Q: 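Starting off with a structure, shown below.
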Amino acid sequence: MHGRDNELTALGAGAAAARRGETGCVVLTAPPGYGKTVLLDALLRAPACRDMTVLRAHCGEAAGGAGAYAGLRALFTPAGAPAPDRREPEPGTDSPAMILPGPGDAQQFALTTAYPVFRRLVGHVLRLTAKRPLLLVLDDAHHCDEHSLRWLEFLMRRAAGQPLLVVLARGSGTEPRAPRAWADLLAHPAVSVTHLGPLGTDAVVSLAEEVFGGPVHPLLAERVATVTGGNPRTAVGLLRELRRRGAAPDEAGARQAWDLGGGMAARAVRRVLDRESPAVRGVATAVALLGGTQPPERLAVLAEVDRAQADEAIAVLRHAGALTSDGTALVHEAVRSALREPLGTERTADMPARAALLLSDAGRPAEEVARHLMRMPGVLEPWMTAVLRDAAARAEQRGAFADAADCLRRVLEAEPDDIETRLGLALAVAPGDPLSSVPLFRAALAGTADTRERAGIAVQFAMACLTVPLPAASRAEIVGALETAWDALTTGPERAPHLRDQVAAVLLLMGRRGTGVAAREHRGTVTASYRLRTDRHQTEALAALRTALAGDSREAAVKGARRALETTSPQQPPWLRFAAAATLVLADETTEAHAALDTMLRSAGDEPTTWVRVLTGSLRSHLLHRDGALVDAAAEARATIAAVGRTNCEARLVTARAVLASVLVDRGEPQQAERLLDRIGRGEATGSALAYLVYLHTRARTRWATGHPRQALRLMRECGAVQETAGVLNPVLTSWWVDSCLILASIRPAEGRELAEQGAERARRWGTPRALGLAALAAGALTPGRAGLDLLAESAHQLSRSPAVSAYARAEYALGRALLVHGDEAGARERLRQAAGIAGGCGALALAESARSLLVSAGGRMGQAADAPTGGLLTTTELKVAGLAVSGASNRQIAQRLFVTVRTVESHLTNVYRKLGVRRREQLMDALRAVHGGSWPGRPVLEGA
């Protein structure tokens, strides 16, 4: 009775009306298993039926086949002992036993011969209603004979105004024994029809709680309601089977219910179809192919039956439990196979092609048509490949690259020489599995002769495989195609600025021939040309990255990166946001860079691919390290390495391992860093030029930290040579030139001045505080006297305005050491104390220890608070802010750092704020108001703290 309250109330209202002297007839219809009999039992127990004379019978198939009046004999002259709620009429000449003909009478209905029986039986009913209200209940009435149904119609006309209610329970989906008699009866005004629908989720929840004896997970009830089509009998059977198997009513039980219910439904469908006609089986196969029943006309055409046969088959499938409660879709994928089996392979071989043609003519979406073409064996016709291409394009637009790849593979089978299809397949495969896209890109590149078209393919090839360990031949093909195009685009008659910018950017990323293996041209058979397509956002992203790597104009690079990120289309490849994020990293737009990487991960779905994880994690760890968040950088690098798993593909992890090694150097563990770098090897032939630059710089820093400055200098110069050859002139990509100047300052200062001047010129062109501060640091280390001190002071000032916290600590340390050499011990102590606090706060323990040692030499000491940031109990964000607080930084500097922090990790900011003294808090609040006004984002957080 779960979920049947409304129907029971309606039947009870009909019984109450009968007790008031109204005549009515209710036809209760439902498929088998929907609980008609249970509902009738509940009606007879209801208060509305109290003190009524109740005559109830079951009109089964055997009774229906017993000739004329079989239903009335079952109702008025039941065999065996009377039921407790049935009152037997008194024997006599007017008793039904004397009125009704005996069993076995198979006469055709004729009103002239039936009228005397009808009139006498109506008189008997009227005598019963004169004593008390009468309720006649006939179950499974679809088996009822024509004589009995005609008499019920006769009774409705003759007994108007009598306290009488007739309830007929009829199964739907099956042909009644007397359809014309049913039509006449249902046309009577006093007859109403009540349909029992499928159980909803709420009703199944109550049902499941009764079966399991306790609360159940909503997902379990939802799955049971779906896979059973809301059939109460099937739902009870499934729930009892789950309990018998020991399943728990939780999410795991819901998964088990889905699998078990699908199997039960498939077996039930097979049993039903085994008894059905070929027409029903054909419609069943059509339903399996189309995935539903709407509209039925298509099913009829596909199954080659008429509309009436299609409707009949749909009703059979609904009652068999193959369709959902609304009757339009399959309840489970297991049912699809069950629907296709009975017709046989020979009959179903041509149905996918006919289904595709039918849907295409009906104007259905290309992706819906393509699903059937994918199942079709044999050669595709031209219109089919056109549909598949359209479906692939639509799938790409919604970011479903795997679906697009499936369609294009089918096209490529039919048209193996089509370069555009091969390239499209490579682009569709690359977001999920770039390694598998390599042979497709190579084939597309080998099959194209035009220089511009080859360059377009090479750009897509290189960007799609940024973290893939490319074979030397593949890398040579890419670089060769790009360099040939670069020469043509810069000197030829066709400039093509958009393509030129893309080629230039990719060459900067990949490195020129001098940085890798010699180019070996891969020549294949040129088959056909393809139409070179350019995307505005992709072009802008690569142009912005090229500007940033070349160090030309920070403003133009940031503007281009922001324009590229304006798109929200899921069809954009992941590398577009990576290119924009890398540009923002170089421009010190840290917050926007993190946001771009977050968007890149989100756009890749709930489970981003390993390639996307490595790409984002490598860049994020590098960004965190260069900004001084060393603990966070190490954690991100380790997570990136873990994302690759046990594939032992070190070429993907060059950047992540280099960042992790650099953190170890900063923490004073260079030997461990060297062991980590030894696992990478020299992978410049397969990795990108940028990853190789990061690796070389880290290797040089490691050699320097282990006491081998000359080896470190050689590696620094190699790093610079690679960068120069690649055309990467941005001074902040790696600080090899700054480190080289610091090394040369102690051994051969004159050699470093030209390098410092070159770096300063590039820094002025790029113009960020980080670049200007590093240039001043390099020049200050090489310049003696007061001029050198001024340069180091300028370096500290510029770096304090940038996100480069660890570089700022380094500048303070260099200034403090220089002041100590020049005899200004008081000034040295202030700067060294500042350096120790900031370095310890961001996790650069080696620099912090060096600053403390010099501070002691200058006659100073660090307070107790200065040791707190290095203890490891605080987060990196807290360490950076607390390090500034205890090192004597200005309130404005701390306020700026807090402002940056509150936009990313406000909870950490609250903890830091609570650690400060009351007076310090008030000063910081005043500084924040002065710097950012009254509406800065962190105000509610700090005031709440």
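Here the structure is a predicted model, which means the values were calculated and not measured. Positions are given from 1, in the same order as the sequence printed here.
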Q: Rounded to the nearest 0.5 Å, how far does OH of Y813 lie from CD1 of I838?
A: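 Between I838 CD1 and Y813 OH, I get 14.5 Å after rounding to 0.5 Å.
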
Q: Taking the side chain as everything from C-beta on, heavy atoms only, tell me whether T768 gets closer than 4.5 Å to R554.
A: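 Yes, side chains in contact.
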
Q: Verify whether one side chain among T599 and R602 offers a donor that lies under 3.5 Å from an acceptor in the other.
A: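 Checked: T599/R602 side chains pair up, N/O donor to acceptor below 3.5 Å.
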
Q: Kindly give the heavy-atom pair with the smallest separation between A811 and S795, and that separation in Å.
A: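 So the minimum-distance heavy-atom pair works out to CB-OG, 3.5 Å.
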
Q: Quick check for you: to the nearest 0.5 Å, what is the distance between L427 atom CG and F461 atom CZ?
A: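 Separation between the atoms: 11.0 Å.
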
Q: Judged by atom type as modelled, is there a donor-acceptor pair below 3.5 Å linking the side chain of S621 to the main-chain atoms of G617?
A: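 At least one qualifying donor-acceptor pair exists.
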
Q: Between R454 and E483, does any side-chain N to carboxylate O distance fall below 4.0 Å?
A: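 No salt bridge links R454 with E483.
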
Q: With sequence neighbours excluded, what pairs up with H622 under the side chain to side chain donor-acceptor pair (under 3.5 Å) test?
A: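 Side chain to side chain donor-acceptor pair (under 3.5 Å) list for H622, sorted by chain: empty.
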
Q: Would you check if the side chain of T725 reaches a backbone N or O of A721 as a donor-acceptor pair within less than 3.5 Å?
A: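 Confirmed, T725 side chain pairs with A721 backbone.
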
Q: Pick one: which of V659, L660, I641 meets side chain to side chain contact (heavy atoms under 4.5 Å, CB included) with L653?
A: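 Among V659, L660, I641, the one meeting side chain to side chain contact (heavy atoms under 4.5 Å, CB included) with L653 is I641.
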
Q: Counting only N and O atoms by type, is there a donor-acceptor contact under 3.5 Å from the side chain of E636 to the main-chain atoms of R620?
A: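 No: the side chain of E636 does not pair with the backbone of R620.
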
Q: Between E761 and R765, does any NZ, NE, NH1 or NH2 come within less than 4.0 Å of an OD or OE carboxylate oxygen?
A: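 Salt bridge flag = yes for E761 with R765.
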
Q: Where do H625 and D632 land on the side chain to side chain donor-acceptor pair (under 3.5 Å) test, with the steps shown first?
A: CA-CA 8 Å; H625 180 264; D632 293 341; over 6 Å; no

Q: State, with a plain yes or no, whether a side-chain heavy atom of Q502 is found less than 4.5 Å away from one of R546.
A: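 Of all side-chain heavy-atom pairs linking R546 with Q502, none is under 4.5 Å.
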
Q: Should the pair D588-R801 be classified as a salt bridge under the 4.0 Å nitrogen-to-oxygen rule?
A: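 No.
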
Q: Side chain to side chain donor-acceptor pair (under 3.5 Å) between Y692 and Q723: does it pass, once the steps are laid out?
A: CA-CA 10 Å; Y692 185 51; Q723 190 164 324; over 6 Å; no

Q: Please report the closest heavy-atom contact between S662 and T698, naming both atoms and the distance.
A: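 Of all heavy-atom pairs spanning S662 and T698, the closest is N-CG2, 3.7 Å.
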
Q: Okay, side chain of W766, backbone of A771: is any donor-acceptor separation there less than 3.5 Å?
A: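 Side chain of W766 to backbone of A771: no pair is present.
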
Q: Would a distance-only check, ignoring hydrogens and angles, find a side-chain to backbone donor-acceptor pair under 3.5 Å from D552 to T547?
A: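 No.
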
Q: Return yes if some donor-acceptor pair links the side-chain N/O of R770 with the main-chain N/O of R626 below 3.5 Å, else return no.
A: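 It does hold such a pair.
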
Q: Identify the heavy atoms of L597 and A581 that sit nearest to each other, and give their distance.
A: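 Between these two residues, the closest heavy atoms are CD2-CB, 3.8 Å.
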
Q: Can you give me the closest heavy-atom contact between A634 and V663, atom names plus distance?
A: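 Closest heavy-atom pair between A634 and V663: CB-CG1, 4.0 Å.
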
Q: Minimum heavy-atom separation for T655 and S618, please, with both atom names.
A: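 Nearest heavy atoms, T655 then S618: CG2-O, 3.7 Å.
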
